[in-house]
Amino acid sequence: MNLATALATVFSAGVYTKEELQAAVCTFVAEMKDGGETGEGVVRLAQGLVNEVGARFPSSERTQVLLADMVTWCLAEYYRESA
């Protein structure tokens, strides 16, 4: 599941599995990192995606919470050492 699809599910359903969303974020980060994107760039792209997808749904506090979680996940995944 790509990140845009995962976000649309979160905003439309109102209920989501944190692990599934976090996995989609990690996949997104890995793809962007492999493409040469910086950590800051990955965060900006993820934030833009949240704002873009979130704009199609009623505004809520959930967007801000989701953004904060996603920034944390993006940075943790980007800077995680490969095993």
Side-chain angles (χ1 to χ4, degrees):
M1 174 185 302
N2 73 32
L3 188 52
T5 303
L7 289 170
T9 301
V10 168
F11 286 117
S12 64
V15 179
Y16 65 98
T17 304
K18 177 184 169 188
E19 291 77 18
E20 288 177 9
L21 182 59
Q22 190 169 4
V25 169
C26 290
T27 299
F28 173 81
V29 170
E31 290 171 357
M32 295 296 105
K33 186 176 180 179
D34 289 347
E37 192 61 63
T38 64
E40 183 181 320
V42 169
V43 169
R44 268 197 324 270
L45 289 167
Q47 288 173 324
L49 200 52
V50 169
N51 289 329
E52 178 185 321
V53 173
R56 296 183 294 205
F57 300 93
S59 181
S60 71
E61 189 176 310
R62 168 185 297 243
T63 305
Q64 296 309 309
V65 171
L66 192 58
L67 272 172
D69 285 347
M70 286 181 59
V71 167
T72 300
W73 297 337
C74 282
L75 292 172
E77 180 63 20
Y78 190 88
Y79 293 107
R80 181 175 59 85
E81 291 296 320
S82 298

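Tracing side-chain contacts under 4.5 Å through hydrophobic residues (I, L, V, M, F, W, Y), one never reaches V65 starting from V53; they form parts of separate clusters.
Judged by distance alone, with hydrogens and angles left aside, the side-chain atoms of Y78 form no donor-acceptor pair with the main-chain N or O of V43 at under 3.5 Å.
Residue R80 comes nearest to K33 through the heavy atom pair O-NZ, 4.4 Å, listed as atom of the first residue, atom of the second, then distance. Pairing each heavy atom of V50 with each of F11, the nearest pair is O-CE1, 4.0 Å. A pairwise comparison of heavy atoms in F28 and L45 identifies CZ-CB, 3.8 Å as the closest pair. The two residues L75 and G39 have their closest heavy-atom pair at CD2-O, 4.5 Å. Of all heavy-atom pairs spanning L49 and A4, the tightest one is CD2-N, 4.0 Å. Closest of all the heavy-atom pairs between L21 and A6 is CD1-CB, 3.9 Å.
Sorted by first and then second residue, the side chain to side chain donor-acceptor pair (under 3.5 Å) pairs with a member in residues 38-47 read E40-R44; sequence neighbours excluded.
In this structure, CD on Q22 lies 10.0 Å from SG on C74, to the nearest 0.5 angstrom. Atoms CG and CZ, from L7 and R56 in turn, are 9.0 Å apart once rounded to the nearest 0.5 Å. Atoms SG and CD, from C26 and E19 in turn, are 11.5 Å apart once rounded to the nearest 0.5 Å.
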>> For L3 and T27: C-alpha separation, side-chain torsions, deciding distance, then whether side-chain contact (heavy atoms from CB on, under 4.5 Å) applies.
In response: CA-CA 8 Å; L3 188 52; T27 299; over 6 Å; no
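Judged by distance alone, the side chains of D69 and T72 never bring a donor and an acceptor atom under 3.5 Å apart.
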